[in-house]
Amino acid sequence: MFEMNPNRRWRAIPLAVSLCALTCAAPALGQTAADPTPTRAKKSDPKRPSVSQAKPTSPNAMINLVNIMVEQGMLKEGQAQALIKQAEDDAYISRQAAKDATAKADEAAKAASTAAAATNPPGTRHVSYVPEIVKRQLREEIRQEVMAKAKKENWASPGAYPEWAQRIRFYGDLRARYQASYFPTGNDQAGAANFNAVNTGAPYDITSPYYGPTYDATQDRNQFRFRGRLGMEADLFNGFTAGLRIATGENNSPVSTNQTFGNNGGNFSKYALWLDRGYLKYQTFGDDLVLSAGRFDNPFWSATDLVWYKELGFDGFAVQAKHEVFEGFTPFAVAGAFPIYNTDFNAGINLADPVTGAPTKLASHDKWLFGGQAGFASKFSPQSAFRLAAAYYDFTNVQGQLSSPCFVISASDVCNTDLTRPSFAQKGNTYFPLRSIISSAGNGFGTTNLYQYFGLASQFRPVVASGQLDLGHFHPVHIVLDGEYVWNTAFDRQAIAAANPWNNRGPSSDPAVSGPFNGGNQGWLGRVTVGHREIKHLWDWNVHAGYKYLESDATLDAFADSDFGLGGTNLKGYFLGGSLGLSENVWTSLRWMSATNIAGNPYAVDILQVDLNARF
């Protein structure tokens with residue numbers, strides 16, 4: 001830059017002061033120079049082709065080109081929208097960069113003029129000159145500064161979420177179900193005892209001619225049911241993840257989130273939501289090591305729902321580890337500790353100490369599940385794999401304990417082992433009366449007012465073997481073979497029979513005397529599935545068929561499948577069904593299940609389920 005005074009004298013002014021030259025810079029960064037606006041409208045040229053009105057034109061050449069490619073069928077609408085958004089975002093960034101650069105140049109020019117005026121005599125005139133290479137360098141520096149700011153503050157793309165929001169993922173699913181339950185003739189309604197209703201309510205007077213709470217075993221039922229789940233998972237820092245999920249449900253059942261329409265009061269009354277998941281997870285070495293705490297999905301791999309229902313959530317702590325030792329072969333292991341029941345600090349009423357007579361509380365009776373599993377996954381072709389695992393589970397303190405002799409003459413009386421009864425049960429396990437009731441005048445010397453709770457007659461330490469063979473030679477159509485076997489190693493037939501079990505007894509020649517105990521401790525399930533492994537897209541499909549055999553005390557009935565036989569153990573029978581994709585992440589499914597009791601009173605049920613599912 002040079003200055004000229006009236007005496008025609010020239011002298012150099014430092015180049016740093018000449019930033020005002022940017023006000024005369026080339027067109028905005030990232031834009032092309034537009035034609036000058038005419039002073040008057042031109043008459044239309046009949047020879048000039050007109051612009052198609054099928055798609056509004058855009059000042060951005062790339063957007064116009066994309067629209068033309070869509071019209072010609074060269075691009076799909078979704079792909080075009082993605083390209084258009086990218087072009088609009090780039091144009092937005094360029095406009096912001098140019099705007100910021102112009103503002104900075106104006107400020108610099110003002111500063112330069114002020115400095116020059118302060119150091120030069122009055123009347124001095126200034127002529128700006130900056131080499132073109134310096135202009136380009138300054139423009140690039142300002143552009144990079146603007147881009148960095150745009151990326152940090154997230155205004156580079158107006159539709160983008162802040163950085164913290166991008167680490168949160170929402171997901172969910174919905175299911176509408178029609179369910180029909182068909183009971184054949186010959187079922188024994190009196191033998192369908194509902195031990196869960198007794199143990200979670202008032203004790204049952206076993207001398208009453210009324211049979212007490214029972215499951216429906218004779219009347220066909222039609223139900224419309226709904227399930228909705230909404231979850232959130234947030235990626236934290238350094239490998240930590242947090243998650244929450246809420247779900248529908250008629251009650252706090254651990255194995256079902258179904259809500260039957262018209263239940264819980266009916267008349268279109270509102271339904272409850274439950275906290276279904278809530279966990280903190282830590283992953284390291286990719287996902288080779290995962291530590292979980294809270295309420296989370298089943299950490300153990302199960303090929304079927306023979307032992308664990310697929311919707312069951314686990315409370316507690318778990319460690320999952322795996323490592324690919326060579327290509328296609330990955331051993332894995334799982335271990336965990338899970339509190340099943342934790343005694344309330346104020347459990348029970350005050351009892352009189354048998355020695356001192358002072359008031360005392362019932363003894364605590366916490367229940368735990370400890371489990372471990374080891375196995376391997378082998379991929380022997382790009383689309384085919386084999387997985388095998390063995391697990392051992394130890395259910396601690398779940399077996400009922402016979403009480404000390406106690407006086408019982410009303411439903412409000414308490415005995416010292418009442419807390420050993422299960423807090424949730426379906427049906428199938430073997431139960432026995434918990435209370436050792438003293439015969440007295442208050443209960444007609446053992447003929448009236450014998451109010452009882454019921455406890456599990458067996459201990460449970462099952463061993464489970466699981467396997468799956470996935471044959472993908474016709475990918476995307478697969479043939480999948482699933483199998484699972486369970487054996488309760490803690491089962492003691494003689495001890496159970498000596499405890500005078502209340503159910504799972506065989507026929508007797510004397511109607512006044514119950515038959516011998518005929519429950520069991522083993523179970524297995526086999527299934528074959530043909531079709532797409534997962535239904536995600538329109539016309540994806542699969543069909544399946546299988547057979548299930550699960551004896552009374554092979555595993556805890558509380559955590560078994562809640563659909564087959566209307567839930568629980570002591571069931572055998574077949575099942576079949578299929579699914580069909582109706583749209584992206586929308587599908588329908590149909591399932592038929594036929595179940596019959598293995599031991600005890602006659603019971604059978606056939607179930608039809610028709611579902612409409614969606615995930616998001």
Side-chain angles (χ1 to χ4, degrees), residues 174-198 200-201 210-228 248-251 253 255-269 271 305 309-311 424-429 503-504 507 525 527 543-550 552 557-558 560-580 588-613:
L174 300 171
R175 183 181 69 198
R177 166 176 289 177
Y178 165 73
Q179 178 169 313
S181 302
Y182 305 107
F183 297 95
T185 57
N187 280 358
D188 181 9
Q189 180 62 50
N194 188 341
F195 293 103
N196 188 62
V198 174
T200 57
Y210 168 59
Y211 290 110
T214 59
Y215 291 102
D216 191 345
T218 59
Q219 302 179 70
D220 294 348
R221 299 294 302 275
N222 293 280
Q223 297 172 303
F224 286 92
R225 317 184 83 182
F226 174 81
R227 182 191 72 184
T248 54
E250 295 176 4
N251 49 49
S253 162
V255 293
S256 177
T257 52
N258 288 317
Q259 174 63 59
T260 302
F261 289 145
N263 202 358
N264 301 117
N267 297 304
F268 304 140
S269 56
Y271 301 121
D305 52 13
Y309 188 47
K310 55 183 175 294
E311 295 182 9
F424 178 80
Q426 296 194 82
K427 57 182 182 292
N429 285 162
N503 62 330
N504 297 331
L525 187 152
R527 178 178 61 196
V543 293
H544 69 269
Y547 190 87
K548 179 177 182 177
Y549 184 92
L550 186 62
S552 61
D557 63 16
D561 182 5
S562 66
D563 294 325
F564 188 79
L566 295 179
T569 63
N570 195 33
L571 295 165
K572 64 179 179 180
Y574 69 90
F575 55 90
L576 50 88
S579 300
L580 178 66
T588 184
S589 59
L590 181 145
R591 194 180 187 198
W592 176 268
M593 296 168 284
S594 181
T596 306
N597 255 20
I598 298 174
N601 301 75
Y603 170 82
V605 60
D606 296 326
I607 300 171
L608 172 66
Q609 293 178 340
V610 181
D611 295 344
L612 179 61
N613 308 272

Looking at Leu174, is its backbone amide N or carbonyl O close enough to the side chain of Asn613 to form a donor-acceptor pair, meaning the two atoms are under 3.5 Å apart?
no

Nearest atoms (heavy-atom pairs only) where Leu590 meets Val610:
CD1-CG2, 4.3 Å

Rounded to the nearest 0.5 Å, what's the gap from CZ on Arg175 to CZ on Arg177? Could you check?
3.5 Å

Could you report the tightest heavy-atom contact between Ser579 and Ser589, atom names first, then the distance?
OG-CB, 3.3 Å

For the student: nearest non-hydrogen atoms of Val605 and Ser181, plus distance:
CG2-CB, 4.4 Å

Shortest non-hydrogen contact between Asn429 and Asn503, atoms and distance:
O-ND2, 2.9 Å

Residue set satisfying side-chain contact (heavy atoms from CB on, under 4.5 Å) with Tyr574, at least two apart, ordered chain then number -> Tyr547, Leu576, Trp592, Ser594

For Val255 and Ala560, work out which heavy atoms get closest and say how close.
CG1-O, 4.0 Å

Rounded to the nearest 0.5 Å, how far apart are CD1 of Ile607 and CG of Leu566?
4.0 Å

Under a 3.5 Å cutoff, is there a donor and acceptor pairing between the side chains of Asn263 and Tyr271?
no

Which pair of heavy atoms, one from Ala217 and one from Ala192, lies closest together, and at what distance?
CB-CB, 4.2 Å

With distance as the sole test, does Asn194 use its side chain to make a donor-acceptor pair with the main-chain N or O of Thr214 at under 3.5 Å?
no

Would Gln426 and Ser562 count as having a side-chain donor-acceptor pair, cut-off 3.5 Å?
no

Glu311 and Ser256: side chain donor to acceptor below 3.5 Å:
no

side-chain contact (heavy atoms from CB on, under 4.5 Å) between Gln179 and Thr260, intermediate numbers included
CA-CA 10 Å; Gln179 178 169 313; Thr260 302; over 6 Å; no

Atom pair CE/CD of Met593 and Gln609 - distance to nearest 0.5 Å:
3.5 Å

Side chains of Asp216 and Arg221, heavy atoms from C-beta outward: is any pair under 4.5 Å?
yes

Hey, does Asn258 have a side-chain heavy atom less than 4.5 Å from the side chain of Phe226?
no

Excluding sequence neighbours, so at least two apart, what forms salt bridge (Lys or Arg N to Asp or Glu O under 4.0 Å) with Arg527?
Asp482

Can you sort out the partners of Tyr182 under side chain to side chain donor-acceptor pair (under 3.5 Å), two or more places apart, ordered by chain and number?
none

Does the pair Leu525 and Tyr549 meet the rule for a side-chain contact (heavy atoms from CB on, under 4.5 Å), with working shown?
CA-CA 6 Å; Leu525 187 152; Tyr549 184 92; over 6 Å; no

Looking at Phe195, I'd like to know if the NZ or CZ of Lys427 sits under 6.0 Å from its six-membered ring centre while staying within 45 degrees of the ring's axis.
no

Going by the angle between their ring planes, with limits at 30° and 60°, are His544 and Phe575 parallel, tilted or perpendicular?
tilted

Rounded to the nearest 0.5 Å, what separation is found between the OG1 atom of Thr200 and the CZ atom of Phe424?
9.5 Å

Decide yes or no for Tyr309 and Asp563: does some side-chain heavy atom of the first lie under 4.5 Å from some side-chain heavy atom of the second?
yes

Any luck finding a side-chain donor-acceptor pair between Tyr178 and Asn222 under 3.5 Å?
yes

Answer yes or no: is there an ion pair linking Arg227 with Asp611, defined by an N-O contact shorter than 4.0 Å?
no

Taking the side chain as everything from C-beta on, heavy atoms only, tell me whether Arg225 gets closer than 4.5 Å to Glu250.
yes

Looking at OG1 of Thr588 and CG of Leu612, how far apart are the two atoms once the value is rounded to the nearest 0.5 Å?
6.0 Å

Do Lys572 and Asn597 touch side chain to side chain, with heavy atoms closer than 4.5 Å?
no

Give, for atom CZ of Arg591 and atom CZ of Phe564, the distance between the pair rounded to the nearest 0.5 Å.
8.5 Å

Report the residue from Asn570, Asp188, Leu571, Thr596 that forms a side-chain contact (heavy atoms from CB on, under 4.5 Å) with Tyr603.
Leu571

